[in-house]
S.K.: 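Let me begin by handing over the structure; questions about it come next.
These figures come from a predicted structure and were not determined experimentally. Letters go in sequence order (proteins before strands), and every chain restarts at 1.
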Amino acid sequence: MTDLPKTYDPSSIEPAIYKLWLDANAFRANPADPGQPYCIVIPPPNVTGALHLGHAINDTLQDILTRVARMRGMNTLWVPGIDHAGIATQAVVEKQLKEKENKTRHDLGREALVARIWQWKEQYGDRIIEQLKRLGSSADWSRTRFTLDEGLARAVRQTFFKLFKDGLIYKGKRLVNWDIHLQTSISDDEIYHETVKTSLWHIKYPIVDDAPSARGTGILPVSSSAHGQDARATHMVIATTRPETMLGDTAVAVHPDDPRWNWAIGKSVLLPLLNKKIPIVADPILVNMEFGSGCVKVTPAHDPNDYAVWQRQNGNIDIINILTPDGRINENGGPYAGLKRDAARKKVVEDLTAQGLLEKEEPYETQIGHSDRSKTAVEPYLSEQWFVHMAPLAEPALKVVRENKIKFFPERHAQQYLSWLGEKRDWPISRQLWWGHRIPIWTKEIDASTAAPIDSLQSQTIRDTQIIMRTVIAEDRGANYVCIPPGHPDIEKEFEAQGFIQDPDVLDTWFSSALWPHSTLGWPDETPDLKKWYPTSVLVTGRDIITLWVARMVMAGLYNMGDIPFHHVAINPIILDGKGERMSKSKGNGVDPVDIIDSYGGDALRFTLTQMATETQDVRLPVKKLADGRNTSDKFDAGRNFANKLWNASRFALANLAEIAPQPIDEKSWSITDRWILSRLMRTIQDADAALSAYRFDLYAKACYDFFWRDLCDWYIEAIKPELKSGPRQAQVAHILAATLDHSLRLLHPIIPFITEAIWAKLCEVRPERGIPGRIMACASPLLIHAAWPHFNDDLTSEGAEHVFTQLQNLIIAIRNIRNEYKVDQKTPISLSISAPGDSARQILANQPLIENLATCKIVEVKADLVPIPNSARGSASNCDIYAHNLANAETQDQRLSKRREELNKQISALRGRLSNESYTAKAPAHLVKQTQDQLAEAEAELARLS
RNA sequence: GGGCCGUUAGCUCAGUUGGCCAGAGCGCCUCCCUUACAAGGAGGAGGUCAUCCGUUCGAGCCGGAUACGGCCCACCA
């Protein structure tokens with residue numbers, strides 16, 4: 001086959017093959033087509049970033065499942081898409097704006113900023129799709145979705161409306177995680193903790209009598225000792241890592257059982273700097289008596305724990321916000337108003353020092369929450385946010401997993417899902433951003449002072465459209481909230497005319513991601529897609545978003561569709577670098593899949609990643625830096641080498657098949673080798689099916705690899721080479737070679753689609769008819785992507801052939817071993833006498849040409865009771881002894897023999913020990929005891945022959 | 001602090017319900033550019049399965065404890 005190059009060059013083939021599939025509309029799904037539905041929706045990559053290896057493994061595995069399902073004749077759909085990634089994307093564009101034009105979003109305004117982000121999205125969204133294509137992804141691009149597209153917008157509004165109607169959405173004042181830089185709240189899940197070196201400041205708060213206030217009055221007279229009830233302190237020492245927050249202190253808490261302080265409960269302290277009296281309260285939950293002074297400042301508006309104290313105190317202490325949204329001290333901070341938080345801290349410490357109220361400052365290390373997006377420290381911040389009430393949604397979502405309606409692979413991951421959902425913590429869904437789905441609520445304030453407290457939910461109908469109004473009047477505020485379903489701008493305008501204002505916030509990105517499986521299929525419309533493919537078959541994802549995403553999809557699917565979004569959740573491992581660290585841009589250890597595709601090919605990348613897809617939680621990929629600064633890894637050699645092997649073996653097969661005219665199949669003429677390779681093929685199909693149904697991609701790849709390289713290339717092709725050249729069996733072995741290559745390509749196609757498709761085309765050209773009637777299916781498709789998945793056919797398995805061929809392999813290896821150890825030239829045959837009992841001798845004689853060919857030897861005689869040949873090299877394989885003539889070399893021989901004797905002696909004593917153990921012979925299964933006895937006999941016999 | 005995972009050859013990982021001498025790829029050693037493939041072929045060396053205790057006739061696998069590493073969640077002013 002001279003028209004195929006000797007080394008496989010992926011870059012010259014992959015783009016053409018991909019075009020072939022696109023031109024054939026091979027990825028395009030049609031709900032009207034026959035076949036059981038099979039559907040996967042892609043975990044949409046964030047539009048902010050280029051794909052990395054984590055995406056590459058995830059998408060490769062989805063493509064494998066998609067291609068297998070398609071070959072199995074299922075009506076298969078893989079839905080691609082991209083996530084708008086609210087905070088992340090807006091942050092990137094804002095950063096650019098700042099760097100390039102020195103402008104903030106406020107300079108630009110809402111509409112202009114959103115327009116900019118859309119521009120940015122067009123550019124980078126396409127790049128991600130291109131990357132997916134280079135991976136070979138067989139997704140239906142005509143169905144590509146974006147979490148901010150029109151359909152999603154409708155789905156989001158419909159869902160929100162339903163939740164609002166059901167009373168599951170409420171507005172609440174809550175302490176949220178505030179990102180000062182981006183000026184938005186972020187969820188707990190968007191925070192990472194970083195250890196920061198700071199100080200612990202010990203501040204004196206003078207204790208004052210509980211005299212009615214107006215002015216901070218007299219300090220209690222005291223003795224100097226701080227111990228005991230009789231020796232009462234004049235001040236409390238409060239330790240804090242955030243001195244500036246004392247401006248918002250509204251109490252000091254002590255433990256009610258603490259004898260040092262419980263006498264002070266009900267009294268007050270004078271808050272330094274602001275000279276304000278604040279109460280001393282008891283709180284056994286917040287205060288740990290063992291820690292520090294036993295006194296804790298309480299800043300409800302700026303600390304989650306203190307906020308909890310405020311709630312427990314039931315309005316008996318104040319809650320004072322001292323920050324502006326951009327992180328400055330507000331008017332409540334008195335003289336500090338206007339200072340940024342860092343400056344305020346500095347000034348507060350200075351002033352305390354000046355007043356002698358700073359007892360000490362000591363170095364301290366603490367974990368501080370940082371925003372994942374802006375990388376700045378988050379601020380607990382009191383603000384009004386929309387929440388989703390989780391309990392009613394979580395309960396059914398817990399149930400479907402507990403009852404195995406949704407199964408996780410590996411199973412253990414269900415635990416994380418269950419424990420997270422079990423907490424049922426309400427979900428804050430509003431984000432103070434402009435990029436995202438705007439909250440579909442219109443608000444009109446009500447003067448709370450004139451009305452009685454109320455919280456009512458009413459339905460109204462305007463021109464056949466239901467809208468929901470919620471009226472809330474509380475002590476400090478009152479408002480009418482109206483939620484309008486999608487598609488009624490006229491109604492929106494009417495409310496706006498009445499003074500209703502649409503909420504400026506947008507929804508958490510995960511709100512739209514949660515709807516992904518049904519919204520991409522067309523919901524809220526009852527589309528044919530939705531009918532055909534919902535619930536989807538399997539979700540393939542990483543374990544890091546089991547809570548963020550998987551759990552929310554299950555809740556949303558059950559809520560909107562009344563059915564689970566997918567049957568299986570397959571968790572793929574996370575790829576770490578060689579040191580076990582997560583890949584990231586800042587660490588510089590990330591590997592770009594496109595770099596790998598450029599230098600190794602898409603198939604090589606996919607094959608290596610598939611091999612790595614084991615059940616462990618992480619896999620390591622040793623990373624190497626190239627001269628040009630890019631990262632790569634030797635691991636991908638494995639994939640490239642395999643592709644090259646497939647290429648060359650196929651070249652060989654194709655060249656021969658082109659020369660050999662087909663003749664009718666004659667099963668009677670099949671040799672043990674033929675039967676063996678067909679049996680091995682069947683086992684491989686079986687193994688691949690089992691691995692795939694357990695989502696064990698590594699085992700699937702290994703089964704195919706071992707069959708193709710080890711069995712087919714190393715043994716079968718080598719074995720049939722002489723017969724392929726000439727002779728009566730030429731056409732028969734050609735048939736089997738064609739059939740095994742055909743099935744190898746089918747089995748491997750989902751993993752390495754490009755090269756297999758390319759070879760398939762050649763094979764169809766050279767050998768259009770290559771099945772074995774009634775046994776192995778014939779070619780039915782000019783494109784491999786549409787070819788049928790191999791069937792397991794038990795008629796072709798043969799334990800006998802496998803057993804005999806294994807014996808022959810062992811014999812051949814033993815002979816090769818002798819050749820190597822005695823350093824016989826590769827081309828020089830050695831002549832042998834073999835001592836073998838009846839059955840084995842018959843097999844050896846029947847396969848004499850095979851053995852002589854593969855071991856480069858000449859078998860002179862084979863018999864049962866051969867007298868050891870003097871002046872010969874000895875070897876053994878199971879029950880056969882091999883004598884290689886004229887190779888005597890006393891030294892080598894002695895070494896080999898004594899080594900073998902040693903092995904046998906060790907084995908014999910172990911086996912004897914086992915058999916002399918009465919409880920073994922009594923309790924172990926009979927066949928094992930028998931096996932042990934046989935082994936002992938065999939070892940003893942061989943030892944005897946060696947003496 | 002709570003939970004999950006890992007520890008098997010120099011490296012990266014398999015090892016299915018406990019049962020022949022614990023496997024693969026890469027790397028290493030010897031030989032071979034043999035007419036599909038040197039990105040290859042033939043052969044080989046290399047492991048007290050983290051440690052300890054237990055269950056069992058029998059443990060890499062089951063139970064308990066310890067050590068080290070990773071991740072998730074909650075976080076002490």
Side-chain angles (χ1 to χ4, degrees), chain A residues 1 4 6-8 188-189 193 200 238-242 253 286-288 290-299 303-306 366-367 369 410 412-413 415-416 419-420 423 543-544 546-547 574 576 578 580-582 600 604 608 611-612 614-622 633-635 637-638 640-656 690 694 696 698-699 702 705-706 710 713-714 717-718 721 813 816-821 823-827 854-856 903 906-907 910-911 914 917-925 927-929 931-932 934-935:
Chain A
M1 220 42 255
L4 290 180
K6 200 168 157 182
T7 299
Y8 175 60
D188 292 347
D189 314 308
H193 287 87
L200 193 60
I238 310 281
T240 181
T241 53
R242 304 206 47 198
L286 178 73
V287 181
N288 173 2
E290 314 299 317
F291 189 91
S293 65
C295 312
V296 186
K297 68 197 269 299
V298 179
T299 322
D303 183 283
N305 295 306
D306 297 359
T366 187
Q367 298 264 311
R412 62 183 136 88
H413 290 295
Q415 208 164 346
Q416 197 188 338
S419 66
W420 185 82
E423 288 182 27
R543 70 178 197 287
D544 47 341
I546 288 175
T547 53
I574 285 172
L576 307 174
E581 288 180 29
R582 244 186 131 122
Y600 287 92
T608 297
Q611 274 187 317
M612 290 169 71
T614 64
E615 281 195 331
T616 85
Q617 62 173 12
D618 307 311
V619 283
R620 292 179 180 202
L621 182 88
S633 175
D634 291 342
K635 272 277 192 179
D637 287 0
R640 181 199 54 187
N641 295 355
F642 184 63
N644 195 239
K645 187 71 179 179
L646 177 60
W647 185 252
N648 278 297
S650 302
R651 277 205 311 144
F652 174 82
L654 290 167
N656 281 282
R696 283 299 304 269
D698 60 320
L699 297 181
K702 186 175 162 44
Y705 177 99
D706 285 345
R710 302 276 84 97
C713 292
D714 289 353
I717 290 182
E718 293 306 325
K721 269 180 180 173
I813 288 168
R816 286 168 173 174
N817 179 296
I818 296 173
R819 297 181 52 91
N820 259 291
E821 299 235 340
K823 307 206 185 306
V824 181
D825 178 81
Q826 297 279 307
K827 288 169 194 159
L854 292 181
T856 323
E903 276 171 13
K906 227 166 115 186
Q907 197 183 339
L911 292 169
R914 199 181 301 169
N917 182 343
E918 275 176 39
S919 44
Y920 173 69
T921 48
K923 292 185 183 172
H927 74 274
L928 281 172
V929 178
Q931 186 182 296
T932 310
D934 291 350
Q935 278 164 5

S.K.: Considering every strand shown, what is the Watson-Crick or G-U wobble mate of B:rG40 when both distances are under 3.5 Å?
M.R.: B:rC32
S.K.: Using the P atoms only, state how far B:rG25 lies from B:rG40, rounded to an integer number of Å.
M.R.: 11 Å
S.K.: NZ of A:K721 versus P of B:rU35: gap in Å, rounded?
M.R.: 9 Å
S.K.: Measure from CD on A:Q826 to P on B:rG43 and round the result to the nearest Å.
M.R.: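 Interatomic distance, CD of A:Q826 to P of B:rG43: 10 Å.
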S.K.: Does the side chain of A:N648 get closer than 4.0 angstrom to OP1 or OP2 of B:rA39 through an N or O atom?
M.R.: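 Checking A:N648 against B:rA39: no side-chain N or O falls below 4.0 Å of OP1 or OP2.
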S.K.: Counting side-chain heavy atoms from CB outward, which of B:rA77, B:rC37, B:rG25 is closest to A:K297?
M.R.: B:rA77
S.K.: Please determine, for the side chain of A:N817, which listed nucleotide (B:rG25, B:rC76, B:rG44) has the closest atom?
M.R.: B:rG44
S.K.: Reckon A:T614 has a side-chain N or O less than 4.0 Å from the OP1 or OP2 of B:rA14?
M.R.: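 For B:rA14, OP1 or OP2 has a side-chain N or O of A:T614 closer than 4.0 Å.
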S.K.: Assess the side chains of A:N648 and A:R651: does a donor N or O sit below 3.5 Å from an acceptor N or O?
M.R.: yes
S.K.: If you check every side-chain atom of A:D714, which of B:rA36, B:rG69, B:rA42 has the closest atom?
M.R.: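 Looking only at heavy atoms from C-beta outward on A:D714, the closest nucleotide is B:rA42.
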S.K.: In this structure, how many angstroms lie between the P atom of B:rA36 and the CZ atom of A:F652, rounded?
M.R.: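 After rounding, the gap between these two atoms is 6 Å.
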S.K.: Under a 3.5 Å limit for both distances, which nucleotide forms a Watson-Crick or G-U wobble pair with B:rU7, could you say?
M.R.: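 Partner of B:rU7: B:rA67.
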S.K.: Give one of base, sugar-phosphate or nothing for A:D634, where a contact means two heavy atoms less than 4.0 Å apart.
M.R.: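 If one applies the 4.0 Å heavy-atom cut-off, A:D634 turns out to touch nothing in the nucleic acid.
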S.K.: Categorize A:K906 for me: base, sugar-phosphate, or nothing, with a 4.0 angstrom heavy-atom threshold over every strand shown.
M.R.: nothing
S.K.: Got a donor-acceptor pair under 3.5 Å from the side chain of A:E718 to the base of B:rA42?
M.R.: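 Flag unset: no donor-acceptor pair detected.
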S.K.: Does any N or O in the side chain of A:R543 come within less than 3.5 Å of the main-chain N or O of A:I574, such that one atom is a donor and the other an acceptor?
M.R.: no
S.K.: If I take atom CG in residue A:N641 and atom C1' in nucleotide B:rA38, what distance separates them, rounded to the nearest angstrom?
M.R.: 11 Å
S.K.: Would you tell me if any nitrogen or oxygen in the side chain of A:R816 comes within less than 4.0 Å of OP1 or OP2 on B:rG43?
M.R.: yes
S.K.: Round to the nearest Å and state the distance from A:E615 atom CD to B:rG6 atom C1'.
M.R.: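 Atom CD in A:E615 sits about 14 Å away from atom C1' in B:rG6.
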S.K.: Just checking, is any N or O donor in the side chain of A:Y920 or A:T932 under 3.5 Å from an acceptor N or O on the other one?
M.R.: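 Side-chain D/A pair, A:Y920 to A:T932: present.
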S.K.: Would you tell me if any nitrogen or oxygen in the side chain of A:Q415 comes within less than 4.0 Å of OP1 or OP2 on B:rC4?
M.R.: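 It does, given that an N or O in the side chain of A:Q415 lies less than 4.0 Å from OP1 or OP2 of B:rC4.
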S.K.: Could you check whether A:R543 gets within reach of a base, just the sugar-phosphate, or nothing at all, counting any heavy atom under 4.0 Å?
M.R.: sugar-phosphate
S.K.: For a salt bridge (Lys or Arg N to Asp or Glu O under 4.0 Å) check, start with the C-alpha distance between A:K635 and A:D637, then their side-chain angles and the critical distance, and finish with the verdict.
M.R.: CA-CA 5 Å; A:K635 272 277 192 179; A:D637 287 0; over 6 Å; no
S.K.: Identify the two heavy atoms, one from A:A643 and one from A:Y8, that lie closest to each other, and give their separation to 0.1 Å.
M.R.: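 That would be CB-CD2, 4.1 Å.
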S.K.: Using the C1' atom on both, measure B:rU48 against B:rG1 and round to a whole Å.
M.R.: 37 Å
S.K.: Would you indicate which nucleotide in B:rA24, B:rC13, B:rG25 comes nearest to any side-chain atom of A:T616?
M.R.: B:rC13
S.K.: What nucleotide, of B:rC72, B:rG15, B:rC76, holds the atom closest to the side chain of A:Q416?
M.R.: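 Of B:rC72, B:rG15, B:rC76, B:rC72 is nearest to the side chain of A:Q416.
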S.K.: Using Watson-Crick or G-U wobble geometry with both distances below 3.5 Å, tell me the partner of B:rC20, or none.
M.R.: none
S.K.: Using only heavy-atom distances, decide whether a donor-acceptor pair under 3.5 angstrom links the side-chain of A:Q935 to the base of B:rC20.
M.R.: yes
S.K.: Quick check on B:rU12: is either OP1 or OP2 less than 4.0 Å from any side-chain nitrogen or oxygen of A:K635?
M.R.: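 No, no such contact exists.
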S.K.: Please work out if A:D544 contacts a base, only the sugar-phosphate, or nothing of the nucleic acid, heavy-atom cut-off 4.0 Å.
M.R.: nothing
S.K.: To the nearest angstrom, how far is A:D618 atom CG from B:rC13 atom C1'?
M.R.: 13 Å
S.K.: Any donor-acceptor pair, under 3.5 Å, between the side chain of A:K6 and the base of B:rC37, if you only look at N and O atoms?
M.R.: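 Looking at the base of B:rC37, it does not pair with any donor or acceptor on the side chain of A:K6 (distance under 3.5 Å).
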S.K.: Rounding to the closest angstrom, what is the interatomic distance between B:rU35 and B:rG41 at atom P?
M.R.: 15 Å
S.K.: Out of B:rA36, B:rA24, B:rC21, which has the shortest distance to the side chain of A:R914?
M.R.: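 Given the options B:rA36, B:rA24, B:rC21, the side chain of A:R914 is closest to B:rC21.
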S.K.: Quick one: CG on A:D706 to CG on A:D714, what's the gap to the nearest 0.5 Å?
M.R.: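 The CG atom of A:D714 is 10.0 Å from CG of A:D706, to the nearest 0.5 Å.
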S.K.: Taking side chain as C-beta onward, heavy atoms only, is A:V296 less than 4.5 Å from A:I238?
M.R.: no
S.K.: Write down the distance separating the P atoms in B:rU56 and B:rC73, rounded off to the nearest Å.
M.R.: 42 Å
S.K.: Regarding A:C295, tell me which of base, sugar-phosphate or nothing describes its non-hydrogen contacts under 4.0 Å with the strands shown.
M.R.: nothing
S.K.: Round to a whole Å and report the spacing from CG of A:D706 to P of B:rG23.
M.R.: 14 Å
S.K.: Quantified in whole Å, what is the P atom distance between nucleotide B:rG6 and nucleotide B:rG43?
M.R.: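 Nearest-Å result for B:rG6 against B:rG43 at atom P: 35 Å.
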S.K.: B:rU12, OP1 or OP2 - any side-chain N/O from A:R620 closer than 4.0 Å?
M.R.: yes
S.K.: Honestly, is A:K721 close enough over A:F652, meaning NZ or CZ under 6.0 Å from the six-membered ring centre and within 45° of the axis?
M.R.: yes
S.K.: From the list B:rU12, B:rC21, B:rA39, which nucleotide is the closest neighbour of the side chain of A:N644?
M.R.: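 Per side-chain heavy atoms of A:N644, the pick is B:rA39.
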S.K.: Would you please confirm or rule out a distance under 4.0 Å between OP1 or OP2 of B:rG41 and any side-chain N or O of A:K645?
M.R.: yes
S.K.: Rounding to an integer number of Å, can you tell me how far A:K823 NZ sits from B:rA42 C1'?
M.R.: 13 Å
